[in-house]
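A quick write-up on the structure given underneath.
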Amino acid sequence: MSRLSMAMLFLLSLVLAAAPRIAVVEAVVVQGLQVGYYNHSCPEAEQVIRDVVEAEVSMDRNIAPGLIRIFFHDCFITGCDASILLDETPAGDVPEKESSANGFTLVGLHTIDVAKTTIEAMCPRTVSCADILAYAARDAAVAAGLPSYEVGGGRRDGTHSRMDDLPGNFPVPGHTVPRLTELFNSRGLSQEDLVTLSGAHSIGGAHCFMFSNRIYGFSKTSEIDPSLDPAFAERLRKMCPRPNPDDNPEAARKVPFDERTSEKLDNVYYQELLARRSLLTSDNTLVQDPQTRPLVERYAKDGALFQKKFGEAMQKVSALDVLLRPDQGQIRRNCHLVNKARGQQFPMIRWPRAPKHPMLQMINWFIRGFQQD
């Protein structure tokens, strides 16, 4: 297909896209994925996704960290099945997307929609949303400066998505190394993967309420977390006023994780950790804990090593609990909806759309863990 035709499809897709605590399940790294999976069935697929991601990132640098985050949030819960993209399911469950861990903090959903719309026009019912998300996360990392790495294809899309799968099974900003390691191990990931994948915080940022516990009322003896660089803590307090119960979480300011190279996926994040300039408790704990500090120090000194290991860790995540057989999943026509059989009706959804949560509840969730309503 010519570049002109691809460009026309891309422009068309932009228009269409703009229209109206349970038991932890051990993860399995599946080896059935194949590099170049769509070489014959949809040979332009990976290039189209790359073009879409590059175009969107060029317009909004927040898209790169957003896509990586969506990908990780999807794979960490029930595997890389694009369940995080679903707006509704046949069972009528409240989907993952509506969790306070996701919700308005998800950035980049439109990019996936654009890529899917474009590819469906070229190769209908061929490329899964799960594969599109895995490729897009890779391309987002590359757009942020990471060397490219191979991503296998062949994932199918899941038909289930439950917000209730998150409580107790998902890392939160208030966790420390022992709990984070436990959660990563339960998903087939190592402590090294934990330190490496945390490097995604080299780009993007965090809303003030995600780290307000470190700069206001930290403990009975200290208003500010003493492990923070004092000058950095004061800058944060100027950017982030003391939270009030009536504050709107969606209006909270977002602060870059890495002030020095906030748009580049590099090892400066680790240098900032050693300099005591981190936002989240889950970041700071990596340098405070003797088990993880040595790797933080290695990455701080060797940017090439970090980038190599980050690509490898992303490959590992991309193979978690993937669905490979037709009886396990489907190729969604729309990433937001499960394909319906002819005449099939889904239950009426009775949960509120885009639920609003008070500020203090959001702070509690992000620091201590996400709870069910």
Side-chain angles (χ1 to χ4, degrees), residues 1-3 5-6 9-10 13 27-56 67-68 70-86 108-109 111-143 146-160 187-189 310-339:
M1 177 173 289
S2 70
R3 285 282 175 177
S5 298
M6 288 174 59
L9 284 169
F10 175 63
S13 68
V28 178
V29 177
V30 179
Q31 302 299 328
L33 299 173
Q34 179 181 337
V35 174
Y37 182 81
Y38 296 104
N39 284 353
H40 299 290
S41 60
C42 192
E44 299 282 358
E46 288 195 52
Q47 184 60 52
V48 166
I49 296 167
R50 184 175 302 114
D51 289 345
V52 170
V53 170
E54 289 177 352
E56 296 260 322
L67 288 171
I68 295 171
I70 293 171
F71 166 73
F72 180 78
H73 282 216
D74 181 55
C75 295
F76 202 89
I77 298 302
T78 57
C80 304
D81 59 356
S83 55
I84 197 171
L85 304 179
L86 286 172
L109 295 172
T111 306
I112 301 301
D113 291 341
V114 172
K116 178 63 172 177
T117 302
T118 307
I119 289 175
E120 280 296 304
M122 298 166 53
C123 314
R125 305 181 187 184
T126 302
V127 183
S128 69
C129 299
D131 277 348
I132 290 174
L133 183 53
Y135 293 136
R138 183 266 314 277
D139 297 334
V142 171
L146 197 82
S148 188
Y149 57 90
E150 298 283 9
V151 173
R155 301 167 191 78
R156 299 183 75 84
D157 299 323
T159 58
H160 305 284
R187 304 306 294 148
L189 301 170
F310 187 85
E312 292 173 355
M314 289 286 281
Q315 287 175 316
K316 193 172 179 180
V317 171
S318 75
L320 292 178
D321 288 342
V322 296
L323 310 175
L324 298 173
R325 302 192 312 269
D327 64 323
Q328 293 178 316
Q330 58 183 217
I331 309 298
R332 289 185 214 141
R333 294 186 287 273
N334 180 332
C335 290
H336 294 270
L337 303 169
V338 171
N339 298 339

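Bear in mind the structure is a predicted one, so any value in this text is a computation, not a measurement.
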Residues Ala45 and Ile119: closest non-hydrogen pair is O-CD1, 3.9 Å
Shortest non-hydrogen contact from Val317 toward Cys75: CG1-CB, 3.6 Å
Please step through side chain to side chain contact (heavy atoms under 4.5 Å, CB included) for the pair Cys123 and Glu44, ending with a clear verdict. CA-CA 9 Å; Cys123 314; Glu44 299 282 358; over 6 Å; no
Residue Gln34 excluded, over 12 heavy atoms near CD under 6.0 Å: yes
Judged by atom type as modelled, is there a donor-acceptor pair below 3.5 Å linking the side chain of Asp139 to the main-chain atoms of Glu54? no
Atom pair CG/CD1 of Asp131 and Ile49 - distance to nearest 0.5 Å: 8.0 Å
Under the 3.5 angstrom rule, does the side chain of Arg332 hit a backbone N or O of Gly158 as a donor-acceptor pair? yes
Of all heavy-atom pairs between Arg155 and Ser128, which one has the smallest distance, and what is that distance? O-OG, 2.7 Å
Distance check, rounded to the nearest 0.5 Å: Cys42 atom SG versus Arg125 atom CZ? 14.5 Å
Once you round to the nearest 0.5 Å, how far does OG of Ser318 lie from CZ of Phe72? 13.0 Å
Criterion side chain to side chain contact (heavy atoms under 4.5 Å, CB included) on Leu189 and Phe76, from CA distance to verdict: CA-CA 10 Å; Leu189 301 170; Phe76 202 89; 4.2 Å; yes
Taking Gln328 for its side chain and Arg325 for its backbone only, find out whether a donor-acceptor pair lies under 3.5 Å. yes
Would you say that Thr78 contacts His160 through its side chain, given a criterion of any heavy-atom pair below 4.5 Å between the two side chains? no
Applying side chain to side chain contact (heavy atoms under 4.5 Å, CB included) to Ile112 and Leu67, what does each step give before you reach the verdict? CA-CA 9 Å; Ile112 301 301; Leu67 288 171; 3.8 Å; yes
Give the minimum heavy-atom separation between Gly329 and Arg156, together with the two atoms involved. O-NE, 3.0 Å
Return yes if some donor-acceptor pair links the side-chain N/O of Gln315 with the main-chain N/O of Glu150 below 3.5 Å, else return no. yes
What's the shortest heavy-atom distance between Ser41 and Thr126, and which atoms? OG-CG2, 3.7 Å
Search all heavy atoms of Cys129 against all heavy atoms of Asn334 and return the closest pair with its distance. SG-C, 4.5 Å
Stepwise side-chain hydrogen bond (donor to acceptor under 3.5 Å, both in side chains) test for His336 and Asp113: CA-CA 9 Å; His336 294 270; Asp113 291 341; 2.9 Å; yes
As an exercise, state the distance from CG of Leu133 to CD1 of Ile84, rounded to the nearest 0.5 Å. 8.0 Å
Whether the side chain of Lys116 engages the backbone of Arg333 through a donor-acceptor N/O pair (distance < 3.5 Å, no angle test) should be reported. no
When you look at Leu109 and Ile70, which way does the side chain to side chain contact (heavy atoms under 4.5 Å, CB included) test go after all the steps? CA-CA 8 Å; Leu109 295 172; Ile70 293 171; 3.8 Å; yes
Report yes or no: does Arg187 contribute a side-chain atom to a donor-acceptor pair with the main-chain N or O of Ile77 at less than 3.5 Å? yes
Given 3.5 Å as the limit, does a donor-acceptor pair link the side chain of Asp74 with the main chain of Asp81, or not? yes
For the side chain of Arg138 and the backbone of Tyr149, is there at least one donor-acceptor N/O pair under 3.5 Å apart? yes
